[in-house]
Q: 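Below is a structure I'd like to ask you about.
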Amino acid sequence: MTIPQSLAGAIARARSVAVLTGAGVSAESGVPTFRDAQTGLWAQFDPQKLATPDAFRRNPKLVWDWYAWRRKLVAKAEPNAGHRALAVLEGRVSDFALITQNVDGLHRRAGSRNVVELHGNIGRVKCSRENTIVEHWTEVGDEVPRCAGCGALLRPDVVWFEETLPPDALQAAEDAARRCQILLVVGTSAEVYPAAALPAYAKSAGATIVEINPNPTPLSDAADYVLRAPAGAVLPALVAAAWPV
Ligand code: OAD
């Protein structure tokens with residue numbers, strides 16, 4: 001993977017770098033993206049239709065089971081070279097923020113520290129009525145587990161379509177986007193708002209926008225650099241080009 005020299009130099013000099021990641025950064029860890037076809041048992045379901053409050057109201061068991069399947073898959077997955085390169089990058093840049101739409105926790109497992117999780121984390125569940133985080137739960141038979149306090153159903157602590165993002169996380173993401181000199185946009189279809197608005201905030205504040213994605217997105221035309229290859233190849237190459245040994 002050849003990295004443009006001008007980009008490598010800009011990264012090496014930058015005081016402030018932000019990164020926005022999506023499901024594509026975890027694809028090489030074996031975690032399916034949202035807009036790729038699903039396989040096996042779940043092939044008949046559209047993830048975008050499972051990740052809604054309405055789907056949970058209509059069929060809580062189906063939605064709970066889908067997340068339980070993803071939780072297991074994520075627990076077995078390992079961070080890949082792309083996740084690891086972002087953790088290395090954090091150690092080289094004085095002001096660094098990693099904003100992710102992913103709920104899989106793989107960035108932290110790869111060693112990233114300043115991670116802003118916009119869409120929650122699949123490892124946690126919460127009470128669907130009170131929103132309180134529930135650390136331990138047991139599944140009995142075929143039932144969706146219930147909150148020990150109020151008896152309402154438990155649900156994953158992730159943001160669904162039609163729900164608002166955690167305000168603190170969104171604020172931190174917007175601040176990082178407006179402050180950074182370079183924004184890397186990695187493995188996201190750049191279609192889901194408000195995350196998809198972050199590159200425009202960064203660009204209007206003067207940042208250089210770098211898209212890393214094997215496929216075109218609505219952001220591609222506005223990006224200053226487009227690196228059309230998998231994140232697991234591009235990100236290590238980018239770090240190596242910026243700080244050659
Ligand atoms: P998508 O599934 O929409 O998009 C994944 C993107 O990753 C696509 O643009 C692919 O081309 C790209 N991609 C695939 N393999 C890649 C690789 N190896 N390296 C780099 N890029 C690769 O996932 P997101 O953009 O994350 O929200 O989706 C955004 C949100 O929509 C998700 O957080 C989720 C979903 O519905 C909620 O659940 C609220």
Side-chain angles (χ1 to χ4, degrees), residues 19-53 55-56 58-87 98-112 115-126 128 133-145 153-161 163 165-166 169 186-192 195 212-215 230-236:
V19 184
L20 170 65
T21 66
V25 78
S26 295
E28 290 157 89
S29 294
V31 182
T33 67
F34 285 86
R35 284 162 189 78
D36 291 336
Q38 302 206 75
T39 51
L41 179 63
W42 296 101
Q44 55 185 311
F45 297 104
D46 176 355
Q48 294 178 78
K49 296 201 176 115
L50 291 169
T52 70
F56 189 67
R58 272 187 284 118
N59 194 340
K61 176 73 178 146
L62 177 73
V63 174
W64 177 269
D65 283 352
W66 186 63
Y67 278 96
W69 171 76
R70 284 185 74 92
R71 190 178 296 123
K72 250 192 227 152
L73 200 135
V74 160
K76 276 191 277 171
E78 291 297 330
N80 64 52
H83 296 111
R84 289 195 296 273
L86 290 175
L98 204 176
I99 306 156
T100 188
Q101 299 165 85
N102 298 347
V103 297
D104 57 30
L106 287 173
H107 285 304
R108 278 189 218 278
R109 281 174 56 198
S112 290
V115 182
V116 178
E117 290 180 325
L118 286 179
H119 292 169
N121 191 303
I122 200 171
R124 293 188 303 257
V125 307
K126 64 180 182 181
S128 60
I133 300 294
V134 174
E135 300 289 345
H136 303 287
W137 68 96
T138 42
E139 291 180 48
V140 183
D142 253 5
E143 298 289 299
V144 174
L153 295 174
L154 297 181
R155 56 161 283 181
D157 185 23
V158 300
V159 176
W160 284 332
F161 285 103
E163 292 185 323
L165 273 59
V186 188
T188 175
S189 55
E191 284 177 18
V192 177
I212 298 167
N213 195 316
N215 301 302
V234 175
L235 290 168

Q: Measuring from S26:OG to H83:NE2, what's the distance to the nearest 0.5 Å?
A: 3.0 Å

Q: Once the angle between the rings of W64 and W137 is folded into 0 to 90°, is it parallel (under 30°), tilted (30 to 60°) or perpendicular (over 60°)?
A: perpendicular

Q: List for me each residue that meets side-chain hydrogen bond (donor to acceptor under 3.5 Å, both in side chains) alongside T100, sequence neighbours excluded, and say none if there are none.
A: T21

Q: List in chain and number order the residues that pass ring pair (Phe, Tyr, Trp, His ring centres under 6.0 Å) with F34, two or more places apart in sequence or in another chain; answer none if no residue qualifies.
A: none

Q: Starting at OG1 of T33, measure out to CG of N102 and round the result to the nearest 0.5 Å.
A: 10.0 Å

Q: Report yes or no: does S128 contribute a side-chain atom to a donor-acceptor pair with the main-chain N or O of L153 at less than 3.5 Å?
A: yes

Q: Applying side-chain contact (heavy atoms from CB on, under 4.5 Å), run through V103 and E117 and close with a yes or a no.
A: CA-CA 7 Å; V103 297; E117 290 180 325; over 6 Å; no

Q: For K61, which residues count as a salt bridge (charged side-chain N to carboxylate O under 4.0 Å, His left out) partner, sequence neighbours excluded?
A: D65, D142

Q: Between E28 and N80 (side chain of the first, backbone of the second, donor and acceptor by atom type, cut-off under 3.5 Å), is there such a pair?
A: no

Q: Checking A85 now: which residues fulfil side-chain contact (heavy atoms from CB on, under 4.5 Å) with it, not counting sequence neighbours?
A: L235, P236, V239

Q: Please identify each residue that fulfils side-chain hydrogen bond (donor to acceptor under 3.5 Å, both in side chains) with T188, with sequence neighbours left out.
A: Q101

Q: Restricting to side-chain hydrogen bond (donor to acceptor under 3.5 Å, both in side chains), what partner residues turn up for N213, sequence neighbours left out?
A: none

Q: Can you name the residues that form a salt bridge (charged side-chain N to carboxylate O under 4.0 Å, His left out) with E191, not counting sequence neighbours?
A: R35

Q: Given side chains that start at C-beta, do those of V63 and R155 come closer than 4.5 Å, heavy atoms only?
A: no

Q: Please find the pair of heavy atoms, one from V115 and one from R108, that lie closest to each other, and give the distance.
A: O-NH2, 3.4 Å

Q: What heavy-atom pair brings A87 and A110 nearest, and what distance separates the two atoms?
A: CB-O, 3.4 Å

Q: What residues form a side-chain hydrogen bond (donor to acceptor under 3.5 Å, both in side chains) with R109, not counting sequence neighbours?
A: none

Q: State which residues pass side-chain contact (heavy atoms from CB on, under 4.5 Å) with A169; sequence neighbours excluded, sorted by chain then number.
A: V116, L118, P166

Q: With sequence neighbours excluded, tell me which residues meet salt bridge (charged side-chain N to carboxylate O under 4.0 Å, His left out) with E143.
A: none

Q: May I ask you to decide if A55's main-chain N or O and T52's side chain share a donor-acceptor pair within less than 3.5 Å?
A: yes

Q: With sequence neighbours excluded, tell me which residues meet salt bridge (charged side-chain N to carboxylate O under 4.0 Å, His left out) with R71.
A: none

Q: At what distance, to the nearest 0.5 angstrom, does CG of L154 lie from CD of E139?
A: 9.0 Å

Q: Indicate yes or no: at least one non-hydrogen side-chain atom of V31 is less than 4.5 angstrom from one of R70.
A: yes

Q: How about Y67 and V125: do any of their side-chain heavy atoms sit closer than 4.5 Å?
A: no

Q: How would you list, by chain and number, every residue that makes a side-chain contact (heavy atoms from CB on, under 4.5 Å) with I133, sequence neighbours excluded?
A: R124, K126, E135, D157

Q: Return the NZ to CH2 distance between K72 and W69, rounded to the nearest 0.5 Å.
A: 11.5 Å

Q: Please tell me whether F56 and W160 form a close aromatic pair, meaning their ring centres lie under 6.0 Å apart.
A: yes

